[in-house]
Amino acid sequence: TSGIPTVDYYFSSAWYEPTDAEANYSETLVQMRSLCTSYPDLSIKHRVRKGGADYTSTLEVLPPPPTKLVCCMQTSCKVDLHFLRRTMPRILDGAPDAVFLFMREHFASATRDAISEALAGQVLFLPTLLFGTFRTVIARSTILLDLHPFGGCNTALDSFLEGRIIVTLPGSELPGRFTQGFYRRMGVVDPIASTEDEYVDLAVRFLNDSKERRRVERLIEKRRSVLFNDQASVAEWEDTLLLVSRPWVTLMRRKGGDR
């Protein structure tokens with residue numbers, strides 16, 4: 001919410017918002033039926049070719065199987081150290097062969113040290129990657145973790161395009177609820193936690209139970225198309241903006257035209 005009295009409306013989606021969402025907004029909340037976006041399907045063709053310097057140097061540092069890679073590569077402002085310390089060491093206890101992946105850039109050295117200490121050194125900090133290499137790292141990961149409470153959006157969609165699970169604990173506000181909304185739109189609810197304990201349990205289960213992990217990955221692969229190139233969102237934006245603007249805007253009919 002902006003908190004600005006001259007802003008009348010806030011546009012969101014019923015897929016993302018909780019039942020009491022209006023309490024989070026000073027504006028009139030408009031909950032659209034669509035996802036509010038026509039996100040492009042950035043398919044595998046966008047990856048760099050094997051042998052590129054960025055691709056090769058990154059994959060060389062990733063430990064091979066049976067090590068389980070846990071991708072947490074969201075921007076540093078989304079990392080809540082208190083939440084990390086309460087949850088990720090417990091995930092590591094349940095999956096001792098896991099290695100956690102974070103982005104190196106924008107982390108102070110003291111923050112990197114704190115993360116490394118919390119995870120007993122089983123962490124890799126990767127540099128900023130070209131998009132294709134980033135997607136390859138996601139594809140190589142066993143699971144992803146949505147960083148509570150801020151959460152992800154683009155990273156979640158990238159993970160779905162790679163057929164990977166991202167475990168999420170929805171936050172109380174909109175930025176932390178996109179991943180849950182995408183799952184709800186797909187009709188896949190297994191990776192959505194309601195508590196920190198469940199977040200830990202789900203991560204451990206998907207890391208250790210390959211059959212269960214693959215079952216959910218197949219569901220994502222089967223249903224992810226509903227998240228991309230959504231023309232219903234475009235049409236709903238047109239209709240909704242016309243509806244809310246009519247009290248203030250007169251639509252003038254052009255000669256020989258509709259408006």
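Just so it is clear, the structure is predicted and the values come from calculations on it, not from any experiment. The basis for the numbers below is simple: all heavy atoms, side chains too, and nothing from hydrogens, waters or symmetry mates.
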Hey, are the side chains of T240 and V30 touching, using non-hydrogen atoms and a 4.5 Å cut-off?
-> yes

Give the intermediate values and the outcome of side-chain contact (heavy atoms from CB on, under 4.5 Å) for residues F134 and T58.
-> CA-CA 9 Å; F134 176 70; T58 298; over 6 Å; no

Those residues at least two apart in sequence (or on a different chain) that pass side-chain hydrogen bond (donor to acceptor under 3.5 Å, both in side chains) with R90 are D197

After noting the C-alpha distance and the side-chain angles of L207 and V70, does the key distance pass the side-chain contact (heavy atoms from CB on, under 4.5 Å) rule?
-> CA-CA 9 Å; L207 283 168; V70 182; 3.8 Å; yes

Which residues, ordered by chain and number, are linked to V234 in its hydrophobic cluster, where ILVMFWY side chains connect at heavy-atom gaps below 4.5 Å, directly or through other members?
-> none

S76: what forms a side-chain hydrogen bond (donor to acceptor under 3.5 Å, both in side chains) with it, not counting sequence neighbours?
-> none

Going only through I, L, V, M, F, W and Y residues with side-chain contacts under 4.5 Å, is there a path from V61 to M73?
-> yes

Please report, to 0.1 Å, the donor-acceptor pairs under 3.5 Å made by any side chain of residues 145-154, with sequence neighbours excluded.
{"from": "D146", "atom 1": "OD1", "to": "Q74", "atom 2": "NE2", "distance (Å)": "3.3"}
{"from": "D146", "atom 1": "OD1", "to": "G152", "atom 2": "N", "distance (Å)": "2.8"}
{"from": "D146", "atom 1": "OD2", "to": "T168", "atom 2": "OG1", "distance (Å)": "2.8"}
{"from": "D146", "atom 1": "OD2", "to": "T179", "atom 2": "OG1", "distance (Å)": "2.9"}
{"from": "H148", "atom 1": "ND1", "to": "L169", "atom 2": "O", "distance (Å)": "2.8"}
{"from": "N154", "atom 1": "OD1", "to": "Y39", "atom 2": "OH", "distance (Å)": "2.9"}

Could I get the full list of salt bridge (charged side-chain N to carboxylate O under 4.0 Å, His left out) partners for R223, not counting sequence neighbours?
-> none

Examine the side chains of E198 and S194 and answer whether a donor and an acceptor come within less than 3.5 Å of each other.
-> yes

Shared hydrophobic cluster for Y10 and V7 (ILVMFWY, side-chain gaps under 4.5 Å) = no

Listing, residues 80-88 side-chain donor-acceptor contacts under 3.5 Å, not counting sequence neighbours, or none:
{"from": "D80", "atom 1": "OD1", "to": "H82", "atom 2": "N", "distance (Å)": "2.9"}
{"from": "D80", "atom 1": "OD1", "to": "F83", "atom 2": "N", "distance (Å)": "3.2"}
{"from": "R86", "atom 1": "NE", "to": "E196", "atom 2": "OE1", "distance (Å)": "3.0"}
{"from": "R86", "atom 1": "NE", "to": "E196", "atom 2": "OE2", "distance (Å)": "3.1"}
{"from": "R86", "atom 1": "NH2", "to": "E196", "atom 2": "OE2", "distance (Å)": "2.6"}
{"from": "T87", "atom 1": "OG1", "to": "F83", "atom 2": "O", "distance (Å)": "2.8"}

Residue list, side-chain hydrogen bond (donor to acceptor under 3.5 Å, both in side chains) with D230, at least two apart or on another chain = S233

side-chain hydrogen bond (donor to acceptor under 3.5 Å, both in side chains) filter on R214, not counting sequence neighbours, yields E217, E221

Closest non-hydrogen atoms of R135 and L161, given as atom of the first, atom of the second and distance, are NH2-CB, 3.6 Å

Just how far is it from atom OG of S26 to atom CD1 of I4, taken to the nearest 0.5 Å?
-> 8.0 Å

Review item, side-chain donor-acceptor pairs of residues 94-103, under 3.5 Å, at least two apart:
{"from": "D97", "atom 1": "OD1", "to": "K68", "atom 2": "NZ", "distance (Å)": "3.3"}
{"from": "D97", "atom 1": "OD2", "to": "K68", "atom 2": "NZ", "distance (Å)": "2.7"}

With sequence neighbours left out, the residues meeting ring pair (Phe, Tyr, Trp, His ring centres under 6.0 Å) with F178 are Y16

Do you know which two heavy atoms are closest between E27 and Y9, and how far apart they sit?
-> CB-C, 3.7 Å

Could you go through residues 180-192 and list every donor-acceptor pair under 3.5 Å that involves a side-chain atom there, pairing it with any protein atom two or more places apart or in another chain?
{"from": "Y183", "atom 1": "OH", "to": "I166", "atom 2": "N", "distance (Å)": "3.0"}
{"from": "Y183", "atom 1": "OH", "to": "I166", "atom 2": "O", "distance (Å)": "2.8"}
{"from": "R184", "atom 1": "NH1", "to": "W15", "atom 2": "O", "distance (Å)": "2.8"}
{"from": "D190", "atom 1": "OD2", "to": "R215", "atom 2": "NH2", "distance (Å)": "2.6"}

Donor-acceptor pair, side chain of T111 and main chain of F107, under 3.5 angstrom | no

Answer whether the closest heavy-atom distance between the side chains of F206 and T142 falls below 4.5 Å.
-> no

Considering all heavy atoms, the nearest S34-S13 contact = O-OG, 2.6 Å

Please walk me through it: do L157 and L227 pass side-chain contact (heavy atoms from CB on, under 4.5 Å)?
-> CA-CA 8 Å; L157 292 167; L227 303 178; 4.0 Å; yes

So which heavy atom on P63 is nearest to which on R140, and how close?
-> O-NH2, 4.3 Å

Set of residues satisfying side chain to side chain contact (heavy atoms under 4.5 Å, CB included) with respect to E173, sequence neighbours excluded = P175

Give, for atom CZ of R205 and atom CD1 of I91, the distance between the pair rounded to the nearest 0.5 Å.
-> 13.0 Å

If you round to the nearest 0.5 Å, how far is CZ of R213 from CG of N208?
-> 8.5 Å

Quick one: CD1 on I220 to CD on E162, what's the gap to the nearest 0.5 Å?
-> 12.0 Å

Short side-chain donor-acceptor distance under 3.5 Å, Q31 and S12 = no

Tightest non-hydrogen contact, residues P18 and R177, listed as CD-NE, 3.4 Å

C36 and F11: CA distance, side-chain angles, deciding distance, side-chain contact (heavy atoms from CB on, under 4.5 Å) verdict | CA-CA 8 Å; C36 300; F11 296 92; 5.8 Å; no

How about L126 and L62: do any of their side-chain heavy atoms sit closer than 4.5 Å?
-> yes

Any side-chain heavy atom of L59 within less than 4.5 Å of one from T136?
-> yes

Check L119 against L92 and note the closest heavy-atom contact, atom names and distance.
-> O-CD2, 3.4 Å

Could you tell me the separation between the CZ atom of R164 and the OG1 atom of T155, rounded to the nearest 0.5 Å?
-> 15.5 Å

